[in-house]
Amino acid sequence: MPTVSMTVNGKQVSGEVEGRTLLVEFLRENLRLTGTHVGCDTSQCGACVVHIDGNSAKSCSMLAIQANGTKVTTIEGLANGDELHPMQAAFKEHHGLQCGFCTPGMVMSAVDLVKKKPKASEHEIREWLEGNICRCTGYHNIVKAIQHAQQTM
Amino acid sequence: MYDFAYHKPSSVADAMAALKAADDGKFLAGGMTMIPTLKQRLAQPSDLIDLSGVGDLVGITVSGGAVTIGAMTTHAAVATSTDVQSAIPALAALAGGIGDPQVRNRGTIGGSVANNDPAADYPAACLALGATIKTDRREMAADDFFTDLFETALADDEIILSVSFPKPSKAAYQKFDNPASRYALVGVFVAQTAGGPRVAVTGSGQNGVFRVPGMESALASSWSADAVKGMAVDAGTLNSDIHASAEYRAHLIGVMAGRAVTAAG
């Protein structure tokens, strides 16, 4: 079986995978990083969003081996010890979650947005979230949280 | 997903060799269609040959009145390229409207064009702008490249190297997208090219992307939204599905063509 190695949340990790092992399976099952969720498993919902070399990607739609040699950041890698990342703090402050299932993907996608378009308008924020589905339909507070994080990140 | 052997060659020649050595190998570009297809067990290749290690397939150059985009260049790279934005803004805008940000970060122009999904955006740009698709062995005009639903003129072992778009004097793309999938129910790309106006429609045709000669000649007489307004496209050649009937799509083509001409200026 092929071996993959990558940097996940700043730590060098490696493991044996099958060619068909998805990145999200490697993160959740091999590394036990279960903050990254699998919602739809058909590339639509975005609960599985992580960063690959700084760009958000759906970890259910890529192979673990495609991430070989990359730097991966998951939701577990955002906080600095007990101190929440500004985006996480903003989601908490603005009640940007209800059941919380979509939240890891929402936060990871939102961090990518604020890095790439720091001054995104409300409309641009909503467009950016096209790939993240919240089944509690709590979008208003998610958008408010992201607007808050635009000031604090 | 069925298992497969994975290869990541660093040159086009090595990629071809890996494919030749495989029982039933497939090239992997960004994987935004391939991986979901494999997950649903709709394909069972013996080998996947990942082209992301072939460095010279990535990049954007503007020269000689054309924008040339390497096959493994992502949609996000095209959308945010200031070179593409200034040379062919309609192309940058189209790339920025594909799927969602995460799909745009991984998906590539070569993968999109080779897959020729009947609702994909890039085939409309290729056809309307009169693009040239360059492979390891030849150059093909977009008019000869897209042959049918999910079918192209590519041989099984042929690799797209780049897609070259001649700069039009004006162009615009207007998409009426499915609100869930973001695929085009109807997408119309209009361009005023050196050879005259060209109009290409995606999301609708029973045989994939197609041109609309009637609209092209109307726009040649008068480049205006009124020239194409209400112009009928034969619904008999269009798809009907749960999202839209052929008649509705035929109507939308006229509407979106008009909007595209207005947007192009």
Side-chain angles (χ1 to χ4, degrees), chain A residues 1-4 16-25 36 38 40-70 105-106 108-117 120 124-133, chain B residues 1-8 10 18 22 25-53 72 74-77 79-80 93 96-108 111 175 177-183:
Chain A
M1 288 206 294
T3 302
V4 294
E16 281 197 340
V17 296
E18 291 183 296
R20 62 181 168 179
T21 303
L22 296 168
L23 177 60
V24 71
E25 293 168 345
T36 302
V38 178
C40 66
D41 209 25
T42 52
S43 316
Q44 274 121 9
C45 84
C48 66
V49 170
V50 300
H51 295 180
I52 311 289
D53 290 332
N55 294 310
S56 57
K58 291 182 176 175
S59 61
C60 83
S61 299
M62 60 183 288
L63 306 170
I65 202 163
Q66 286 179 288
N68 194 33
T70 65
M106 285 284 180
M108 297 309 287
S109 183
V111 169
D112 192 24
L113 167 66
V114 176
K115 282 188 178 159
K116 291 196 176 131
K117 288 189 188 170
E124 287 172 318
I125 293 171
R126 289 181 185 275
E127 279 199 331
W128 185 272
L129 294 179
E130 272 175 3
N132 293 86
I133 295 174
Chain B
M1 164 173 14
Y2 300 109
D3 203 14
F4 47 80
Y6 172 89
H7 310 270
K8 191 175 176 182
S10 54
K26 289 271 182 247
F27 294 124
L28 173 65
M32 292 294 94
T33 300
M34 177 67 92
I35 304 293
T37 301
L38 294 178
K39 285 172 70 175
Q40 295 193 49
R41 298 191 174 183
L42 295 173
Q44 189 176 9
S46 62
D47 296 66
L48 271 194
I49 296 134
D50 184 351
L51 299 175
S52 69
M72 289 294 287
T74 63
H75 309 324
T80 57
I98 297 172
D100 57 50
Q102 289 73 41
V103 166
R104 296 195 286 273
N105 280 339
R106 304 277 315 161
T108 65
K175 168 160 73 161
D177 50 11
N178 179 311
S181 72
R182 302 294 167 187
Y183 273 106

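So that the names make sense, note that chain A is the first sequence line, chain B the second, and so on, each numbered from 1. Being a predicted model, the structure only gives us computed values, none of them experimental.
Contact of A:Thr21 with chain B is not made at all, since no heavy-atom distance falls under 4.5 Å. Within the 4.5 angstrom heavy-atom criterion, no atom of A:Leu129 approaches chain B. Contact of B:Met34 with chain A is not made at all, since no heavy-atom distance falls under 4.5 Å.
The salt bridge (Lys or Arg N to Asp or Glu O under 4.0 Å) analysis of residues 45-56 of chain A, with sequence neighbours excluded, yields no pairs. Pairs of residues two or more places apart, or lying in two chains, that qualify as side-chain hydrogen bond (donor to acceptor under 3.5 Å, both in side chains) and include a residue from residues 28-45 of chain B are A:Asp41-B:Lys39. A salt bridge (Lys or Arg N to Asp or Glu O under 4.0 Å) check over residues 59-70 of chain A, counting only residues at least two apart or in different chains, returns nothing.
Although no hydrogens or angles enter the test, the distance criterion places no donor-acceptor pair under 3.5 Å between the side chain of B:Asp47 and the main chain of B:Ala22. The backbone N or O of B:Gly96 lies less than 3.5 Å from a partner atom in the side chain of B:Arg104, making a donor-acceptor pair.
Within the 4.5 Å cutoff, the side chain of A:Met108 has no heavy atoms near those of the A:Asp112 side chain. A heavy-atom distance below 4.5 Å is not found between the side chains of A:Asn68 and A:Thr3. In this structure, B:Asp177 and B:Tyr183 have side chains that are not in contact, with every pair of non-hydrogen atoms separated by 4.5 Å or more. Considering only heavy atoms from C-beta on, A:Val24 stays 4.5 Å or farther from A:Lys58 through its side chain.
Close approach to chain B, defined as a heavy atom under 4.5 Å from one of its heavy atoms, is seen in A:Ser43, A:Val49 of residues 42-51 of chain A, taken by number.
Per-residue counts of heavy-atom pairs under 4.5 Å with chain B were compared for A:Ser61, A:Gly131, A:Ser56, A:Pro2; the largest is that of A:Ser56. Ranked by non-hydrogen atom pairs under 4.5 Å with chain B, the options A:Ile52, A:Leu22, A:Asn132, A:Ile133 are led by A:Leu22. Between chain A and the residues B:Leu38, B:Asn105, B:Val103, B:Asp50, the largest count of heavy-atom pairs under 4.5 Å involves B:Asn105. Taking chain A as the reference chain and counting heavy-atom pairs below 4.5 Å, the highest number among B:Lys8, B:Met1, B:Gln102 is found for B:Gln102.
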